[in-house]
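Just follow the structure's listing: the first ligand is 1, and inside any ligand the first atom is 1. Predicted model only: the values in this text are computed from it and were never measured.
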Amino acid sequence: MNILVTGGLGYIGSHTVVSLIETGHKVIIADNLSNSNKEVLDKLNSITNSNILFYQIDVTDSDKINILFEQHKLDGVIHFAGYKAVGESTLKPLKYYYNNLLSTITLAKACKKYNVKKFVFSSSATVYGDNNVPFKETMSLLPTTNPYGETKVMGERILQDLVKSDPEFEVTLLRYFNPIGAHPSGLLGEKPNGIPNNLMPYITQVAKGKLKELHVFGNDYPTIDGTGVRDYIHVMDLAEGHVAALENIKQGVHIYNLGTGNGTSVLQLITTFEKTNNIKVPYRIVERRQGDIASCYADVTKIETEIGWYAKRTLEDMCKDAWHFEKSTVTLV
Ligand code: NAD
Ligand code: UDP
């Protein structure tokens with residue numbers, strides 16, 4: 001298939017581009033580089049031994065998106081482009097609502113206009129709010145604690161309404177759990193700007209000595225050891241999950257969790273990272289982080305039974321590849 005990947009130079013998008021090309025699909029990337037770098041394109045070309053078509057455009061720019069759709073016969077889109085920093089979204093809600101919603105609407109309008117009916121959307125486990133684990137696709141969504149989460153809930157609704165109005169659309173909403181790790185080459189991975197908000201990049205930067213110690217946000221949750229539990233999934237598994245979802249896409253709206261189904265606590269992740277990589281990660285327990293929930297992990301039965309996809313890589317693989325990527329990146333002090 002000929003697939004437009006928006007946000008294809010970002011963390012998850014770039015790994016998905018590799019999987020798409022390796023399985024024989026053609027890819028066109030649209031990214032405005034607001035949270036990525038053109039160097040990623042060179043790395044993608046080198047890993048896949050190809051010359052990927054890239055447009056540096058903003059997906060909210062309907063004129064440019066329409067030109068792209070006119071120039072290329074697309075079979076489908078995978079829409080990753082968006083902002084994702086939870087904390088920033090509470091400080092700058094309009095920035096998040098504008099970019100995340102307008103990009104989805106602009107892209108969906110172009111799909112309608114140019115008769116491109118396959119649409120895969122990056123959603124998030126955050127839409128479940130503080131439901132009881134494991135999270136199932138059939139659960140009612142609960143309010144999220146931040147504007148970022150609300151943009152995902154609204155993005156899902158916009159696409160659901162589109163399908164109600166035009167049943168020929170084939171829309172898959174993928175609710176990601178916690179992607180970590182990196183491409184095994186060490187060329188692609190997660191490179192946050194400034195101090196990381198997420199656990200794994202924080203761990204790798206502490207291990208490297210860029211940051212002094214990890215702050216563990218709370219040890220009084222009702223979990224195995226009191227620290228927060230999440231469903232960490234290797235980003236390459238997540239990437240392969242997109243290819244499986246795309247290749248099995250069908251009419252209507254279909255929602256799938258992309259996780260492993262296993263919950264891991266913060267302390268368990270630290271211990272696994274230390275053992276796998278034979279390196280210490282100094283940490284200190286601090287107050288809970290506002291807005292965090294105790295446990296978040298997936299019920300993965302639906303995607304396994306309907307599509308036959310499941311995550312294959314272990315927590316050790318995630319820790320090994322994340323550390324390999326961190327060691328491969330140049331530290332600018
Ligand atoms: P990322 O920031 O690494 O990648 C997003 C990419 O989109 C970046 O390259 C950025 O430059 C681009 N972009 C942003 N706005 C754009 C616009 N208007 N036009 C064109 N390009 C634009 O993020 P990621 O971790 O790869 O996440 C990809 C998607 O998955 C996002 O929609 C995110 O909300 C969602 N998601 C991520 C996670 C996670 O933990 N990383 C979890 C759940 C859902
Ligand atoms: N966490 C932590 N210290 C950090 C970053 C995160 O203890 O510096 C914890 C956080 O409280 C949560 C888990 O690690 O229990 C995963 O957090 P992350 O921000 O990576 O993902 P999310 O909260 O979005 O699931």
Q. Which residue owns the protein heavy atom closest to atom 33 (C) of ligand 1, what's the atom, and how far is it?
A. Tyr148 OH, 3.6 Å
Q.
With heavy-atom distances below 4.0 Å as the criterion, list the atoms of ligand 1 near Val59.
A. 17 (C), 18 (N), 19 (N), 20 (C)
(Q) Counting only heavy atoms closer than 4.0 Å, does ligand 2 sit against the backbone of Tyr283, its side chain, both, or neither? (A) neither
Q: Just say parallel, tilted or perpendicular for the rings of Tyr148 and Tyr96, cut-offs at 30° and 60°.
A: perpendicular
Q) Do any nitrogen or oxygen atoms of Ser124 lie less than 3.5 angstrom from nitrogen or oxygen atoms of ligand 1? A) no
Q) What part of Thr227 sits under 4.0 Å from ligand 2 if we count only heavy atoms: the side chain, the backbone, both or neither? A) neither
Q.
So for ligand 1, is His79 a polar contact partner (N or O within less than 3.5 Å, distance only)?
A. no
(Q) Could you measure the distance from the CG atom of Leu188 to the CG atom of Asp321? Nearest 0.5 Å is fine. (A) 11.5 Å
(Q) Using a 3.5 Å cut-off on N or O atoms only, is Tyr11 in polar contact with ligand 1? (A) yes
Q) Does an N or O anywhere in Pro179 fall below 3.5 Å from an N or O of ligand 1? A) no
Q: Check each atom of ligand 1 against the heavy atoms of Ile57 and keep those under 4.0 Å away; list them by number with element.
A: 19 (N), 20 (C)
Q.
At less than 4.0 angstrom from any non-hydrogen atom of Asp31, what atoms of ligand 1 do you find?
A. 6 (C), 7 (O), 8 (C), 9 (O), 10 (C), 11 (O), 12 (C), 20 (C), 21 (N)
Q: Between Lys152 and ligand 1, find which residue part has any heavy-atom pair under 4.0 Å and reply side chain, backbone, both or neither.
A: side chain
Q: Identify, by atom number and element, the atoms of ligand 1 in contact range of Gly82, meaning under 4.0 Å from any of its heavy atoms.
A: 5 (C), 7 (O), 13 (N), 14 (C), 15 (N)
(Q) I want to confirm something. Looking only at heavy atoms, which of Phe177, Phe217, Tyr148 is nearest to atom 2 (C) of ligand 2? (A) Phe217
(Q) Looking at Lys95, I'd like to know if its NZ atom is crowded, meaning that more than 12 non-hydrogen atoms belonging to other residues, nucleotides or ligands lie closer than 6.0 Å. (A) yes
Q: Would you mind checking which non-hydrogen protein atom is closest to atom 28 (C) of ligand 1, with the distance to 0.1 Å?
A: Phe80 O, 3.6 Å
Q.
Please list the nearest protein heavy atom to atom 11 (O) of ligand 2 with its residue and the distance rounded to 0.1 Å.
A. Asp292 OD2, 2.6 Å
Q. Purely on distance, is any nitrogen or oxygen of Glu190 under 3.5 Å from one on ligand 1?
A. no
Q. Would you say ligand 1 has an N or O under 3.5 Å from any N or O of Asn99?
A. yes
**Q.** Backbone of His79 reached by a side-chain donor or acceptor of Ser122 within 3.5 Å
**A.** yes
Q.
Looking only at the side chains, is there a donor atom on one of His72 and Tyr114 sitting less than 3.5 Å from an acceptor on the other?
A. no
Q. Do the ring centers of Tyr176 and His242 come within less than 6.0 Å of each other?
A. yes
